[in-house]
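Protein chains get the first letters and strands the later ones, always in sequence-line order, with residue 1 at the start of each. The structure displayed is predicted, hence computed values, not measured ones.
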Protein chains: 2
Amino acid sequence: MTSEVPQALSGRLSFLLGRLYMRALDLEARRLEALGVTVKQQAVLALLADEGPMTQQHLGQRLGIDRTTVVAVVDGLEQARLVERRRSPADRRAYLLTLTPDGVRAGEQGRGLVSGAEGELLGALDEDERRTLTELLGRAVRGQGPGDAGAPPR
Amino acid sequence: MTSEVPQALSGRLSFLLGRLYMRALDLEARRLEALGVTVKQQAVLALLADEGPMTQQHLGQRLGIDRTTVVAVVDGLEQARLVERRRSPADRRAYLLTLTPDGVRAGEQGRGLVSGAEGELLGALDEDERRTLTELLGRAVRGQGPGDAGAPPR
DNA sequence: TATTGTTATACTCTATAACTATA
DNA sequence: TATAGTTATAGAGTATAACAATA
């Protein structure tokens, strides 16, 4: 049983982020159970649907997880016949991870389930505030990172 | 090496929250090293400074961690002479965790270090946006419970 | 009988090192 | 020599179960 947010920590970002993150994982995982996929597996489905086939190495970089961790995630998706490992013609060491038709469908359904979980997570905020929160989080994460040359820190 | 946020996941809250949370922990931990305390230990110092002495059980509830996990955290603080375990006169099974003068000072310094880390974390946002983000996170975490906004559990 | 703090234990998650097959 | 995928292993981090002291 978790009591309410202590005043002393109410402005502490790592604390707030941690609480909300854990709750988000929990809500998403619970809903995705109906699909038989984990949160990470659903992220893989969404990524492949959006960017097309890619190697396990590349997938790991996109997701921010080690390539050794990718193995088990893909194993599960392959056994569920949602993803296929196809040898890359260009580099026979690598696989090109490819969605099966079932994988495409599962990915779409997963999106819906995740949206539902997020709605529940942000139940205290109205539509406008949800958009603002997502946008600010995105900016903060992208932040000083590589890529689009935004304004460097002053 | 983490690449930029994939478009497919740019609106995925658990993904954004996770990335930002991990980065926050990392930044805070690095700065708090100078004090010789971990992020969790600093949370304990801040909480005791704000709410006064409390039992390990109560502390765990406030922080959302198990009481068995509290033991090691307090062990470290006690060895560093920042916190003392004093037997509760009212209930001799329990300790009343109490800040030492060094603990009070460390807590104050820790607050400053954490603020610095948060400033770095949100480098991409201006002052107004940072306040908005913190407020929305707080509302989301406190969230849907119209419930127990009263006295903390004994 | 229930609860506080404690220990031992197990479980989850993830990364490092080493191997293979290619390049 | 370097890289993709794999395996075995180890390290955090945290929770569950059981125990002593106390309620």
Side-chain angles (χ1 to χ4, degrees), chain A residues 1-2 14-15 17-19 21-26 28-30 33 37-44 53-79 83-98, chain B residues 1-3 14-15 17-19 21-26 28-30 32-33 37-44 53-79 83-98 153-154:
Chain A
M1 187 68 184
T2 294
S14 65
F15 186 81
L17 287 170
R19 282 245 174 142
Y21 174 53
M22 297 308 174
R23 201 183 294 170
L25 282 186
D26 189 59
E28 290 186 10
R30 211 173 308 179
E33 259 179 23
V37 301
T38 66
V39 172
K40 233 186 294 285
Q41 287 173 338
Q42 167 59 19
V44 172
M54 65 183 71
T55 66
Q56 296 187 184
Q57 181 94 261
H58 188 189
L59 179 75
Q61 287 168 0
R62 296 296 274 159
L63 256 36
I65 60 182
D66 193 87
R67 72 190 204 276
T68 62
T69 304
V70 171
V71 176
V73 179
V74 173
D75 280 350
L77 289 169
E78 191 181 42
Q79 280 156 25
V83 162
E84 282 178 5
R85 284 178 160 109
R86 300 187 182 166
R87 281 291 172 192
S88 164
D91 182 346
R92 284 176 25 218
R93 293 170 304 182
Y95 291 119
L96 283 181
L97 300 175
T98 309
Chain B
M1 183 186 306
T2 295
S3 63
S14 65
F15 186 81
L17 287 169
R19 282 246 175 139
Y21 174 53
M22 297 308 174
R23 201 183 293 171
L25 282 186
D26 188 60
E28 290 184 13
R30 212 174 305 180
L32 287 172
E33 260 179 23
V37 300
T38 65
V39 171
K40 233 185 294 283
Q41 287 173 337
Q42 165 60 21
V44 172
M54 65 182 72
T55 66
Q56 296 186 182
Q57 181 94 266
H58 188 188
L59 179 75
Q61 286 168 0
R62 297 296 274 157
L63 258 36
I65 59 183
D66 194 87
R67 71 189 204 276
T68 62
T69 305
V70 171
V71 176
V73 179
V74 172
D75 280 351
L77 288 169
E78 191 180 43
Q79 281 158 25
V83 162
E84 281 177 6
R85 283 178 162 108
R86 299 187 184 166
R87 279 291 171 195
S88 164
D91 183 345
R92 284 177 24 220
R93 293 169 303 180
Y95 291 120
L96 284 181
L97 300 175
T98 310
R154 313 179 26 201

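- If you take OH of Tyr21(A) and C1' of dC13(C), they are 10 Å apart, rounded to a whole angstrom.
- Listed pair Arg86(A) / dG5(D) fails the phosphate criterion, with no side-chain N or O lying under 4.0 Å from OP1 or OP2.
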Legend entry - Summary of protein contacts for nucleotides 18-23 of chain C, nucleotide by nucleotide, where a base hit scores B, a sugar-phosphate-only hit scores S (4.0 Å, heavy atoms): B--BBS

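- The closest side-chain heavy-atom distance from Val73(A) to Leu59(A) is not below 4.5 Å.
- Considering only heavy atoms from C-beta on, Gln41(B) stays 4.5 Å or farther from Leu32(B) through its side chain.
- Note: NZ (Lys40(B)) to C1' (dA15(D)) measures 13 Å, nearest angstrom.
- For Glu78(A), the side chain to side chain contact (heavy atoms under 4.5 Å, CB included) partners are Arg85(A), not counting sequence neighbours.
- Remark: Gln42(B) engages no residue in a side-chain hydrogen bond (donor to acceptor under 3.5 Å, both in side chains) (not counting sequence neighbours).
- Between the CZ atom of Arg85(A) and the C1' atom of dT6(D) there is a distance of 9 Å, given to the nearest Å.
- Here dA4(D) presents its C1' atom at 15 Å from CE of Met54(A), a figure rounded to the nearest Å.
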Inset, instruction - Show your reasoning for whether side-chain contact (heavy atoms from CB on, under 4.5 Å) applies to Arg86(B) and Tyr95(B). - result: CA-CA 5 Å; Arg86(B) 299 187 184 166; Tyr95(B) 291 120; over 6 Å; no

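- Across the protein-nucleic acid pair, Met22(A) atom CE and dT14(D) atom P stand 8 Å apart, rounded to whole Å.
- The nearest whole Å value for the distance from the CD atom in Gln57(A) to the C1' atom in dT6(D) is 12 Å.
- Contact annotation: Thr55(A) side-chain N/O to dA4(D) OP1/OP2 distance is not under 4.0 Å.
- Formation of a donor-acceptor pair under 3.5 Å by the Arg67(A) side chain with backbone atoms of Gln57(A) is not found in this model.
- Within the 4.5 Å cutoff, the side chain of Val39(B) has heavy atoms near those of the Ser14(A) side chain.
- The CD1 atom of Ile65(A) sits 18 Å away from the P atom of dT12(C) (whole-angstrom rounding).
- Two residues, Asp75(A) and Ala94(A), neighbour DNA chain D, and the one matched to the more 5' nucleotide by heavy-atom proximity is Ala94(A).
- Note: CG (Asp26(A)) to P (dA15(D)) measures 13 Å, nearest angstrom.
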